[in-house]
Amino acid sequence: MNLLEELQIDPLLNPSNHPSASLWKVNENSFQVDFECMASDCSILIECKQIDLVKAAANSAVIEAWRIEHKFSRYQTGNTFAEIHSKKDITQTLDDETTQLMIFANHAYHASQGLFDITSGILRRAWHFDGSDNLPKTSAIKELLTKVGWTKLGWDPSNPNQLTLPTGMELDFGGIGKEYAVDKMLLVCRKILSQTTSAILVNCGGDLACSGKRLNGESWKVGIEAVNDQTKAKHIVALSSGALATSGDSRRFLLKDDIRYSHILNPITGWAITDAPRSVTVAAPTCINAGIISTLALLKGAEAENFLSSLDMPYWLTN
């Protein structure tokens, strides 16, 4: 690949101060933009003959990813996430985008029978997945669980833009944020490139979505990394539509008495999953849906494969 340029993006549109995004020419009419977002290496592959549109799409997609990251990050100040959490026990009005994510989270909570719960992020105060054998105390888990529970929120699906967040409770969009950003980046690129022939593949830390087949009519060939060696692919998947998302414990876990504790936490018990596959990859029409299903499969533990087999969508497991 040949480096064409570093994208010139207004610093105000890069609130997390990421390094510049790089635009590369892969070959004739094929380009790739590389950038950092949400603690992941991200890339967008675009096949198109009009370089000006490629640059416009790449620029706008990177800005969109950085916007979403900043807006819902629990590590930032002066953003929507911080504003929501500054208004404890006060009914507040959510913007349209946050409202839609709350509606999605509500569907996921009920469809998963409470296993997918965006109020459970507070459990991270007890769990530190650094590869050690330091498990939290049961008492600490029990105390935190008093502040976990979607139904404890002052939120009603019949009036979804109104939220009352009880004191001590938190929302955490981390479980859907990256996948949501992938879908939004693809949408931005498709809109800008809609008047020309193009093919797009968005990749954010291994979560992917594409616009369809490549310009030559072939599928995109994407790798699912091996759990013990992130430089190698365990599976090669031909992706011609939709999205892929992977959940697993290759990078974040605890290990004690030969038991591996995944960073995926059960919001009902407060404890890490210990009997799930090491990695689950799911194909779905959108990345956010693929991400929910792959995470839910891990939460099913030993029943992960039975759960996935009951669904009409492709999946790949690594034990």
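Residue numbers count from 1 along this sequence. What you are looking at is a predicted structure, and each value in this text was computed from that prediction instead of being measured.
- The main-chain N or O of Thr119 is never found under 3.5 Å from a side-chain atom of Asp172 such that the two would form a donor-acceptor pair.
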Inset, instruction - Show your working on side chain to side chain donor-acceptor pair (under 3.5 Å) between Tyr180 and Gln100 and close with a plain yes or no. - result: CA-CA 11 Å; Tyr180 173 68; Gln100 290 304 311; over 6 Å; no
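- Under the 4.0 Å criterion applied to side-chain N and carboxylate O atoms, Arg124 and Glu170 are assigned as salt-bridge partners.
- Under a 3.5 Å cut-off, the side chain of Thr318 and the backbone N or O of Arg278 do not form any donor-acceptor pair.
- Relative to the six-membered ring of Phe307, Lys300 meets both conditions, a distance below 6.0 Å and an angle of at most 45° to the axis.
- Between Met102 and Phe173, some side-chain heavy-atom pair lies under the 4.5 Å cut-off.
- Side-chain atoms of Thr269 come within 3.5 Å of backbone N or O of Trp271 as a donor-acceptor pair.
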Inset, instruction - Check the pair Gln92 / Thr164 against side chain to side chain donor-acceptor pair (under 3.5 Å), numbers first and verdict last. - result: CA-CA 6 Å; Gln92 55 186 297; Thr164 304; over 6 Å; no
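- Residues Leu165 and Asp89 fail the side-chain proximity criterion, which asks for heavy atoms closer than 4.5 Å.
- Under the 3.5 Å distance criterion, the side-chain polar atoms of Glu179 are left unmatched by any main-chain donor or acceptor of Asp207.
- Distance check, rounded to the nearest 0.5 Å: SG of Cys189 to CD of Glu64 gives 10.0 Å.
- A distance-only check finds a donor-acceptor pair linking the side chain of Ser112 to the backbone of Tyr109 [under 3.5 Å].
- With rounding to the nearest 0.5 Å, the separation of OG in Ser22 from CD in Gln32 is 10.0 Å.
- Under a 3.5 Å cut-off, the side chain of Trp155 and the backbone N or O of Asn106 do not form any donor-acceptor pair.
- Taking the side chain as every heavy atom from C-beta outward, Leu208 and Val202 never approach each other to under 4.5 Å.
- More than 12 non-hydrogen atoms from other residues, nucleotides or ligands lie less than 6.0 angstrom from NZ of Lys152.
- Leu254 is listed as a side-chain neighbour of Ser132, based on a closest heavy-atom distance under 4.5 Å.
- Atom NZ of Lys191 is surrounded by 12 or fewer heavy atoms from other residues, nucleotides or ligands within 6.0 Å.
- Checked for salt-bridge contact, Glu143 and Lys137 miss the test: no charged N lies under 4.0 Å from a carboxylate O.
- Without hydrogens or angle criteria, Asp117 side chain to Trp150 main chain gives a donor-acceptor distance under 3.5 Å.
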Legend entry - Trace of the side chain to side chain contact (heavy atoms under 4.5 Å, CB included) decision for Tyr261 with Ile273: CA-CA 6 Å; Tyr261 293 81; Ile273 303 301; over 6 Å; no
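- Smallest separation of non-hydrogen atoms from Cys287 and Asp183: N-OD1, 2.8 Å.
- Minimum interatomic distance between Ala297 and Val280 (heavy atoms only, all atoms of both residues): CB-CG1, 4.0 Å.
- Side-chain rings of His18 and Trp66 approach one another, their centers coming within less than 6.0 Å.
- Nearest heavy-atom pair across Pro160 and Leu94 is O-CD1, 4.0 Å.
- Here the side chains of Leu308 and Val282 are in contact, with some heavy-atom distance below 4.5 Å.
- Taking 4.0 Å as the cut-off between side-chain N and carboxylate O, Lys178 and Glu69 do not count as a salt-bridged pair.
- When the shell of 6.0 Å around CG of Asp96 is examined, it contains 12 or fewer heavy atoms from other residues, nucleotides or ligands.
- Rounding to the nearest 0.5 Å places OG of Ser240 at 13.0 Å from CZ of Arg214.
- Looking at every heavy atom in both residues, Ile46 comes nearest to Ala57 through CD1-CB, 4.1 Å.
- For the pair Glu47 and Leu215, the tightest heavy-atom approach, listed with the atom from each and the gap, is OE1-N, 2.9 Å.
- No donor-acceptor distance shorter than 3.5 angstrom exists from the side chain of Gln113 to the backbone of Ala111, with no hydrogens or angles considered.
- Side-chain heavy atoms closer than 4.5 Å link hydrophobic residues (I, L, V, M, F, W, Y) into clusters, and following such links, possibly through other members, connects Leu101 to Leu153.
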Legend entry - Check against side chain to side chain donor-acceptor pair (under 3.5 Å), Ser16 and Tyr75: CA-CA 10 Å; Ser16 299; Tyr75 304 109; over 6 Å; no
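- In summary, the side chains of Gln50 and Thr196 do present a donor paired with an acceptor at a separation below 3.5 Å, with no hydrogens or angles considered.
- Of all the heavy atoms in His85 and Leu171, the pair that sits closest is NE2-N, 2.9 Å.
- Residues Leu7 and Met1 do not share a hydrophobic cluster, defined by chaining ILVMFWY side chains whose heavy atoms lie under 4.5 Å apart.
- Ile293 contributes atom CD1, which lies 11.5 Å from atom CD1 of Ile288 (distance to the nearest 0.5 angstrom).
- With hydrogens and angles disregarded, a donor-acceptor distance shorter than 3.5 Å links the side chain of Asn79 to the backbone of His70.
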